[in-house]
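Both counts, for ligands and for their atoms, begin at 1 and track the order of listing.
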Amino acid sequence: MKYTLGVDFGTQSGRSVLVEVGTGNIVAQAVKEYTHGVMDEKLPCGKVLPPDWALQHPQDYLEVFYQTIPQVLKESGVEPADVIGMAVDFTSCTILPVDQNGTPLCMLPQWEEEPHSYVKLWKHHAAQSDADKLNAIARERGESFLGRYGGKISSEWVFPKIMQILREAPEVYEAADRIMELADWTTMMLCGEEKRNSCTAGYKAIWSKREGYPSNDFFKALDPRMENVVDEKLSRDIYPIGSRAGYLTKEMAQKTGLTTNTAVAVGNVDAHVSLPAVGEVTPGAMLLIMGTSTCDILIADEEKMVPGMCGVVEDGVEPGYMGYEAGQSCVGDHFEWFVENCVPESYEKEARERGMGIHQLLTEKASALKPGESGLLALDWWNGNRSVLVDVDLTGMMLGMTLLTKPEEVYRALIEATAYGANRIIEEFIRSGVPIDHLVACGGIAEKNQMMMQIYADVTNMEIYISDSPQAVALGSAMFGAVAAGKAAGGYDTIFEAAEKMAKVKPQPYKPIPENAEVYKKIYADYCKLYDYFGRGENDVMKRMKALRAEVRRHD
Ligand SMILES: Nc1ncnc2c1ncn2[C@@H]1O[C@H](COP(=O)(O)OP(=O)(O)O)[C@@H](O)[C@H]1O
Ligand SMILES: O=C(CO)[C@H](O)[C@H](O)COP(=O)(O)O
């Protein structure tokens, strides 16, 4: 029996999952919460961060390798020599400035108090003014790439983040030998090779197989110091997903307990990597990877311009197809905010006494409600809107609250709001000529919350199939690891062959309940009115309040 290892780096934690190459069955898994978590208020040295920042510490990722890989080997009893391949997937766009040895600047004493030397997490939202500038210049110049990114480059993506570094900390920009996606940096830590992957380059760094990056002239127009940003800070050598980056280095083999014969695939994005893990995702299906945020991935034969999507990349998800991405920046994060800030002690006590988690308790109570019964309607923008408005400066909104409103009603309204947001994205794809007729879901939430999945089926009026692996994302990585090893070593030569044997999806979908779908259709019509009113400039109150907040804090 041969094995392959997937290491999935999420927003809060990293996990290793060891699977059988022949079946995709998990033999062992281990999770490590990041020691520093998400740094959105201060640096480890105590330095306070401005609003909208979200940083991480790269040492936390190395700890994931050092702790979880030995753990899965020990728990499974698998011979290290039988682990033929491995791969990493990472949140994205999550980037890091490094020196010429690949050492993160933040790990050098002279930079540890400089916020810009740390990992900028995907949900770092402090580069909106840079994104606005980039988009305005791209529009003025008639740059054709804009269409491939739904008409706007998000402030979450690579170049706005780099522009923010250059604007606020030119000395960090100068000192950085390169700026790397963490999918590529962690892969480089494993095999010693800098092999940048086509998925992050395509979706997050405006790279395409046919056209490469935008021209140096375009970057010069952003800032003359950025004219050669691609050659000076990134790389034009891009490797297709599914290819091999190298083999584990001796040092990493020693630290993890694996051998130097383990092949390492090029890195991938945590969302996109899961498509093969749920098997038959063909044109017409949209895959939702539901966790802290939700990423929507679909493939189609043709390239269409879909307003507000994150991007369309040829071969970006599976070879031979146009891969589309859209998403919602805040899904599980809404619920986490709610359980951490708004649940009364009496609920906490009940959950403790009944030996259940607070999410389970709220879900149980919310399940007893009918659609529309709470009278609540929310906009799902607690962390901005990624698709289709592409605006991180939008904020959350809930209406209909009364003195009788209960926590479970708010919890359910937040879930419903994310379902409306998903439906808005689906409609935009269909309107633009990319067909969607059913959904497939994976990720932490798809596993954990059946009520939520039923609400999604009712709101979208579509069937939803669920992954049958509790770790679809890491399984996807493991599959790419098996492809990096290749058939001769006991793996597979293509990701399609791997999917045939290893992919897992439950046979029974969630089906829409017609009477619920009917009620949700009406509420959704009002959601769309509020969406346009607050999201498209008719009433910019959210932006004014956000600007005021920043202003007041500046003077604190
Ligand atoms: N039962 C639940 N129902 C809904 N959301 C949940 C539940 N349990 C956890 N969550 C949310 O799921 C998110 C974590 O999702 P997960 O897929 O495990 O991680 P990540 O997205 O970081 O990979 C958190 O934001 C948390 O609030
Ligand atoms: O944009 C992404 C992928 O393209 C991010 O990786 C994603 O939104 C964060 O993932 P998660 O919510 O699973 O932590």
(request) Could you check atom 3 (N) of ligand 1 against the protein and tell me its nearest heavy-atom contact, residue, atom and distance included? (result) Asn449 ND2, 3.0 Å
(message) If you take the nearest heavy atom of each of Gln12, Lys448, Met290, which one is closest to atom 8 (N) of ligand 1?
(response) Lys448
(request) Please state whether Thr363 comes within less than 4.0 angstrom of ligand 1, counting heavy atoms only. (result) no
(message) One thing to verify: whether Arg386 and Glu156 come together as a salt bridge, which I'm taking to mean a side-chain N less than 4.0 angstrom from a carboxylate O.
(response) yes
(request) Check ligand 1 against Gly444 and write out every atom of the ligand that is under 4.0 Å from a heavy-atom position of the residue. (result) 17 (O)
(request) Examine ligand 1 and decide if any of its atoms is less than 4.0 Å from a heavy atom belonging to Tyr411. (result) yes
(request) Look at the rings of Phe65 and Phe9 and say which category their plane angle falls in: under 30° parallel, 30 to 60° tilted, over 60° perpendicular. (result) perpendicular
(message) Please list the nearest protein heavy atom to atom 23 (O) of ligand 1 with its residue and the distance rounded to 0.1 Å.
(response) Arg15 NH2, 3.8 Å
(request) Can you label the angle between the His57 ring and the Tyr118 ring as parallel, tilted or perpendicular, going by 30° and 60°? (result) perpendicular
(request) Kindly determine whether Lys204 and Glu325 satisfy side-chain contact (heavy atoms from CB on, under 4.5 Å), including the steps that lead there. (result) CA-CA 11 Å; Lys204 318 294 176 179; Glu325 180 188 354; 3.2 Å; yes
(message) Under a 4.0 Å threshold between the charged nitrogen and the carboxylate oxygen, would Arg178 count as salt-bridged to Glu194?
(response) yes
(request) Determine which pairs satisfy salt bridge (Lys or Arg N to Asp or Glu O under 4.0 Å) with at least one residue from residues 443-452, sequence neighbours left out, and list them in order. (result) none
(request) State the atoms of ligand 1, each with its element, that fall below the 4.0 Å cut-off from a heavy-atom position in Phe335. (result) 4 (C), 5 (N)
(request) Starting from atom 12 (O) of ligand 1, find the nearest protein heavy-atom neighbour and note its residue, name and distance. (result) Ile445 CG1, 3.6 Å
(request) Would you check if the side chain of Lys123 reaches a backbone N or O of Thr11 as a donor-acceptor pair within less than 3.5 Å? (result) no
(message) Check this for me, if you would: do Lys349 and Glu353 make a salt bridge, where the nitrogen-to-carboxylate-oxygen distance has to be below 4.0 angstrom?
(response) yes
(message) Out of Asp8, Thr292, Thr294, Thr91, who is nearest to atom 19 (O) of ligand 1 when you count heavy atoms only?
(response) Thr292
(message) I need the nearest protein heavy-atom contact for atom 11 (C) of ligand 1: residue, atom name and distance, please.
(response) Gly332 CA, 3.9 Å
(request) For side-chain hydrogen bond (donor to acceptor under 3.5 Å, both in side chains), just list the numbers for Thr94 and Gln56, CA-CA rounded to whole Å, side-chain angles, deciding distance to a tenth of an Å, and then say yes or no. (result) CA-CA 9 Å; Thr94 298; Gln56 288 194 324; over 6 Å; no
(request) Pull out every atom of ligand 1 sitting under 4.0 Å from any heavy atom of Glu336, numbered as shown with elements. (result) 24 (C), 25 (O), 26 (C), 27 (O)
(message) Side chain or backbone, does Gly10 bring an N or O within less than 3.5 Å of an N or O on ligand 1?
(response) no
(request) Could you list the atoms of ligand 1 found under 4.0 angstrom from a heavy atom of Gly291? (result) 13 (C), 15 (O), 17 (O), 21 (O)
(request) Can you tell me which residues line ligand 2 if we count any heavy atom under 4.0 angstrom from one of its atoms, in chain and number order? (result) Thr11, Thr91, Ser92, Trp122, Lys204, Val269, Asp270, His272, Thr292, Ser293, Cys295, Glu325, Arg386
(message) Restricting to non-hydrogen atoms, name the atom on Ala417 and the atom on Asp380 that form the minimum distance, rounded to 0.1 Å.
(response) O-CG, 3.4 Å
